[in-house]
Amino acid sequence: MTTLTPAPNAVRKDPPHRPGRRESLNKWRRRVPLLPALIFTVIVTQLPFVATLVISTFQWNILKPGERHFTGLSNYAFVFTDERLRAAVLNTVLLTASVVIISVLLGLGLAMLLDRRFPGRGLARTLLITPFLVMPVAAALLWKHAIYNPDYGLLNGTLNAVYRLFGAENGPTVDWLSNSAMPAVIVALVWQWTPFMMLILLAGLQAQPGDVLEAARVDGASARQTFLHITLPHLRQYIELGVLLGTIYVVQTFDAVFTITQGGPGSQTTNLPYEIYLTMFRKYEYGEAAAAGVVVVIGAIVIATFALRTIASLFREEVSR
């Protein structure tokens, strides 16, 4: 019987290292200072959400306090079958898609302009960022009274001035909020969110590798070819990030709808947050409003998951460079 002996030059493999008890204790010691913040976050965010889940399973009208009773998932069935909520969902999709798409396109154009060197670029960048820094309610009041007002608003004033240039005494008086309620809200939100998209896309433009752009210029690529085949593919993840983050924020829009149109005329601009407000504070149906709020939160979480994945992929690319 022969015995096998290891080769003299064989490399001996050590067993994989397993963290000992002391290392685990050190990890927990590093995490202990974060526990108060974690507990505070759970109390502030998760406990109200759990309470909302509980309320959503009850038929509860504040005007009829003695008739509160458990109904299970019937409020969720109502959310998906009610005509007013379906109309609010369609308005929310239209409002969100329009604002996000237009803001991304305008933000891309402005970002490409600001990516070039010209005198006063710092001032122009500051002025273009300003709309995003205005409080949403203040911005909505600005558009409602200073721009859309039929008597003294900027739009009708400009229209009347143009008519006077051609010899007319006065131009038409257009009630913009009655005739074009949804476009009026969309324009106001685009004005507010375009700077946000511009900042994201400008960061993407400035992160382009300069050697690749220089090589394209040396090879004789035109500006259009460089943009379509180099810049746009590079900006894909930044555009996705802008779309996802913009969708998360715009889908929750309440200030502009409440301040500019109050959902009218005829519920043309009533989106989901405003419809939940009406259900809660006008109809006093706490259970239905809670169920609708839970559905909106779940949808926002799904979108936020894709946004976090996009952000993580951007970070991985930056680390790998």
Side-chain angles (χ1 to χ4, degrees), residues 24-62 65 68 70-73 75-76 78-80 85 88-89 92 95-96 99-100 132-141 189 192-193 195-196 199-200 241-259 263 270-312 314-315:
S24 299
L25 290 175
N26 290 333
K27 287 182 179 180
W28 278 108
R29 289 194 189 99
R30 290 194 295 267
R31 294 171 182 170
V32 165
L34 300 176
L35 285 179
L38 178 62
I39 295 172
F40 177 79
T41 303
V42 170
I43 293 174
V44 172
T45 62
Q46 302 306 312
L47 291 184
F49 183 67
V50 172
T52 304
L53 286 173
V54 173
I55 294 173
S56 68
T57 60
F58 282 82
Q59 185 67 37
W60 186 3
N61 190 311
I62 194 66
R68 183 178 62 183
F70 178 79
T71 58
L73 299 178
N75 287 326
Y76 292 94
F78 175 81
V79 167
F80 289 105
L85 284 170
V89 169
T92 303
L95 181 67
T96 304
V99 171
V100 170
F132 185 63
L133 304 178
V134 179
M135 293 180 61
V137 174
L141 288 172
L189 289 174
Q192 186 178 0
W193 285 101
F196 176 77
L199 288 175
I200 293 177
L241 178 62
V243 169
L244 290 170
L245 292 179
T247 301
I248 292 172
Y249 291 122
V250 176
V251 78
Q252 303 175 46
T253 298
F254 175 82
D255 314 77
V257 174
F258 177 79
T259 305
T270 300
N271 60 346
L272 268 175
Y274 190 72
E275 181 61 34
I276 293 172
Y277 163 79
L278 293 178
T279 305
M280 186 79 172
F281 296 104
R282 300 290 176 84
K283 294 171 61 179
Y284 301 104
E285 292 289 349
Y286 286 8
E288 295 174 7
V294 170
V295 172
V296 173
V297 169
I298 292 174
I301 290 174
V302 172
I303 300 173
T305 301
F306 289 102
L308 291 174
R309 289 182 178 178
T310 305
I311 294 173
L314 288 174
F315 283 152

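Keep in mind that the numbers below use all heavy atoms, side chains included, and drop hydrogens, waters and symmetry copies. Source: prediction; values computed, not measured.
- I276 meets the side-chain contact (heavy atoms from CB on, under 4.5 Å) test with A289, A292, V296; sequence neighbours excluded.
- Under the rule for a side-chain contact (heavy atoms from CB on, under 4.5 Å), the partners of I39 that lie at least two apart in sequence or sit in another chain are I43.
- Other residues, nucleotides and ligands contribute over 12 non-hydrogen atoms within 6.0 Å of the CZ atom of F254.
- Interatomic distance, L199 CG to F132 CZ, rounded to the nearest 0.5 Å: 7.5 Å.
- We find the CG-CD1 distance between L241 and I200 to be 5.0 Å, quoted to the nearest 0.5 Å.
- Under the side-chain contact (heavy atoms from CB on, under 4.5 Å) criterion, L308 pairs with no residue, sequence neighbours left out.
- The number of heavy atoms from other shown groups lying within 6.0 Å of CG (L73) does not exceed 12.
- The side-chain contact (heavy atoms from CB on, under 4.5 Å) test applied to A138 returns V134, M135, not counting sequence neighbours.
- For residues 34-62, every residue pair satisfying the ring pair (Phe, Tyr, Trp, His ring centres under 6.0 Å) rule, not counting sequence neighbours, is listed here: F58-F70, W60-Y286.
- Summarising the geometry of Y76 relative to A291, their closest heavy-atom pair is CE2-O, 3.7 Å, with the distance given to 0.1 Å.
- In this structure a side-chain-to-backbone donor-acceptor pair under 3.5 Å is present from N271 to T253.
- For Y249, the OH atom counts as loosely surrounded, since its 6.0 Å shell holds 12 or fewer non-hydrogen atoms of other residues, nucleotides or ligands.
- Taking both residues in full, the closest heavy atoms of A140 and A256 are given as CB-CA, 4.0 Å, listed atom of the first, atom of the second, then distance.
- The two residues T92 and A88 make their nearest non-hydrogen contact at OG1-O, 2.7 Å.
- The side chain to side chain donor-acceptor pair (under 3.5 Å) search around T71 returns S74, not counting sequence neighbours.
- Residues passing the side chain to side chain donor-acceptor pair (under 3.5 Å) test with Q59, sequence neighbours excluded: E285.
- R29 meets the side chain to side chain donor-acceptor pair (under 3.5 Å) test with N26; sequence neighbours excluded.
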Given side chain to side chain contact (heavy atoms under 4.5 Å, CB included), test V89 with L272 step by step and report yes or no.
CA-CA 6 Å; V89 169; L272 268 175; 3.9 Å; yes

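- Legend: side chain to side chain donor-acceptor pair (under 3.5 Å) pairs involving residues 274-284, not counting sequence neighbours, sorted by first then second residue: R84-E275.
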